[in-house]
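In what follows, chains are A, B, ... by sequence order, proteins preceding strands, each numbered from 1.
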Amino acid sequence: MVDTAAFRKLSQAITGFDNLDQTIADAYAARIAEAFPKPLADLMAAFAPVSGSPDLEAAVTKILTDNPKLVPMTRQIAEIWYTSQFTRDDGSSDPPQTEEQFKYGLLWKAIGAVAPAYSDRPYGYWKDKPASLG
Amino acid sequence: MSLAFDYDVIIVGAGVAGALCAYRLSQHPGARILIIDPGVNDVDVPQRMQYRKTFALTAQRNLGQIPTYMDLARDRYAPSVDGIDVTRYLVQTPPPPPATNPDNKALFKVPYQRITGGSTWSWRGNCPRFIPSDFKLKDSYFVGDNWPISYDDLEPWYCDAENELGIAGNDAEWGNDSSFVKQGIGGPRSKPFPMPNIVQGYSDRKIIAAIGDAMTIDGKKIEVISTPQARISDNTKYPDRSTCRGNSNCIPLCPTGAKYDAGVHLRKAFAKGVEIRRGSVVTRLEIAATGNVHTVVFRDWRQDPAKDQRLTAKIIVLAANAVESPKIWLFSGLGNKSDQVGRNLMDHLQTEIGGLFPEPIFTFRGPQGLSGIEVFRDGPFRKDSGAFRMTIGNDGWGRIEIPANSIDKLFFQNTPGPPLLGKAFKQKLADRLTRMMRISVSTEQLPNPENRITLSADKRDELGLPRPQVAYRVDDYSKKALENGYRVARTILEAISDKRDIKPDVLAAPQDFNTAAHAMGTLKMGSDPGKSVVNAFGRSHEHPNLYVAGSSVFVTSSTSNPTLTIGALALRTAAEIVKRL
């Protein structure tokens, strides 16, 4: 079983987003664990000793510098959070499981947009720049 | 009304042409109208939401427009070109001519949907009119051909179609006092647009300001103006449609219905009593002894085994598309004395170029394109090379680099060191994506009788019908247009992009083309029955009760997106049919 709270914390360091949704984190941890059980376990094991670090991004960067074999797993975690899908070992994509996951794609938050086809904004919002980026 | 037939009119195909015909004919009291369509989908809100869910949950979301609609049993029995594998249905022959990219260059790549509502489920919604010279290309520039009608003949029907589709446009930019008309490029308008233009984006305003008032290329002043669109800017006049919410997803699916699709008129037609046979693939049109075509033979692919069914009508309207309509014509053995059936297949050839603007312009917000450059749509150069339209994208780099690829690229930016991650990664990603700008070029293609749809001699679909075979190549006229368009786009981009970013980030356009998904030609209209298939009203020269609606009847391709012209011609054809009911 993946410690999904730790997975969420690791994900925040990887993505640069604070306060990631725990329910989404639970689902993503399960999806990744199913496709990559050992790589995820290895990354989580490497992360556990530094999970209390005040600078988690630096800590994760050091983990990856010391052990480049963990980089592909880290990339998949970035991909799933930013796009709600990731790439399996055979090259196929693991698609979002729910519309909520699709809407939560961090990519769109990062650029001040909304997930395609799921706008909750009024007519003409695009004429001004976004008030803030995610 | 004639009771000798099951219906007064049978319309084959429930795309925009068929839907507009059905709707307009349904206004005729007592008319008995039937649509036959292979789709089994609805055209209501729950269906739209189902498609949206399919879109969101597909792994192939970025690969083309079709995956949203792919999980349909329909696709097995009424296949089409899916935007991913252009040979899975179309039989592409002869072999491509020499090309820099043989996998991409000489294939006919137009995707389309054989579903109820047709390809209007998945289109940008751009609706400029053809310009007057498009209708008299041969007289004007000694290339191509002339239509049997003029811009002036079609102008009232353009107004009609703009009203029906709900076109948002800017009268100052497109009306009679506009630069576009005064330069002699655009034709005069007898009515204003039904709605004000869709408000342009932050990105458009930044790009327009950067281009300024003084940029001239090839003697033409570069003006970026709003694009007329079938999209609701003010739903006071269209209360059954939402105003645009800027979903940035016009292709593959508008989730709100703010953008026009044929479902608008199908719903209205059904409310007036028009019937539809769903899941039904036409297997034959039968010629009567009179030379008329009264009988439509079709199979409901949902039945096992699917057996031929027959229905008759006083008038038949063939409103599939520029691939399916000639296919039906040919396998039915309908008249082809002109030898023009299936010929003159056209598309708009596209290329595009992306650059990074000096500051964030925040595309990916709003419709996927709102503005364009129209001045290269006409000029004496058309004697030698094709005209082109340019679109300012509002979707980052479009097909050049989808955001998922940006993520991959930036994540590994430090390779062989540790990946870029965390807030630095997020910032880099935002910096790249929010500065992306794109100009696309869409060129005209001349009618060429050798570009054609025929029937495969040995390859058949699941129902045993011959698969369409395509012969298609691109001539120097269009290649020059692509080259010129790319050169102009690059000149603009280099003038306004951040010079520091040009070398690494301005992407060289692939020296081939992409499809605009605009299949045209194959059942051309004309006055001479020896050189054309239908007359100026879409009526078959050889079968007097058979009409064709849709882009099949186009004589030239123009540079305009075809849907508005499809609509105008379909309404004009419907008016002609009404006289015979």
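- Contacts of Gln101(A) with chain B are absent, with no heavy-atom separation under 4.5 Å from either backbone or side chain.
- Annotation for Gln47(B): atom CD counts as buried by contact number, over 12 foreign heavy atoms lying within 6.0 Å.
- Contact of Arg205(B) with chain A is made through the side chain alone, with heavy-atom distances under 4.5 Å.
- Summarising the local packing, CD of Glu359(B) is surrounded by more than 12 heavy atoms from other residues, nucleotides or ligands at distances under 6.0 Å.
- In the displayed structure, Lys109(A) atom NZ is contacted under 6.0 Å by more than 12 heavy atoms of other residues, nucleotides or ligands.
- The choice from Ser92(A), Pro130(A), Ala78(A) that makes the most heavy-atom pairs within less than 4.5 Å of chain B is Pro130(A).
- The side-chain heavy atoms of Phe55(B) and Phe102(A), taken from C-beta on, include a pair separated by under 4.5 Å.
- For Arg432(B) and Glu401(B), the salt-bridge test passes: some basic side-chain N is under 4.0 Å from an acidic carboxylate O.
- Interface summary for chain B: among Ile111(A), Leu64(A), Asp120(A), the most heavy-atom pairs under 4.5 angstrom belong to Ile111(A).
- For Phe364(B), the parts lying under 4.5 angstrom from a heavy atom of chain A are both the backbone and the side chain.
- When the options Ser406(B), Pro403(B), Ser203(B), Pro360(B) are evaluated for a side-chain contact (heavy atoms from CB on, under 4.5 Å) with Met436(B), the one that passes is Ser406(B).
- Note on Gly124(A), Gly134(A), Pro116(A): by heavy-atom pairs under 4.5 Å with chain B, the leading option is Pro116(A).
- Using a 4.5 Å cut-off between non-hydrogen atoms, the part of residues 11-31 of chain A that approaches chain B consists of Ala13(A), Ile14(A), Thr15(A), Gly16(A), Phe17(A), Asp18(A).
- For Asp42(A) and Lys69(A), the salt-bridge test fails: no basic side-chain N is under 4.0 Å from an acidic carboxylate O.
- Heavy-atom neighbours of chain A within the stretch residues 223-241 of chain B, taken at a separation under 4.5 angstrom, comprise Ile232(B), Ser233(B).
- For the options Gly112(A), Ala117(A), Pro68(A), Gly105(A), heavy-atom pairs under 4.5 Å to chain B are most numerous at Ala117(A).
- Of the atoms belonging to Pro122(A), it is backbone heavy atoms, and not side-chain ones, that fall under 4.5 Å from chain B.
- Taking 4.0 Å as the cut-off between side-chain N and carboxylate O, Asp395(B) and Arg124(B) count as a salt-bridged pair.
- Interface remark: Asp408(B) contributes side-chain atoms only to the contact with chain A (heavy atom separation under 4.5 Å).
- Just one of Val199(B), Ile361(B), Ile392(B) meets the side-chain contact (heavy atoms from CB on, under 4.5 Å) condition when paired with Asp204(B); it is Ile392(B).
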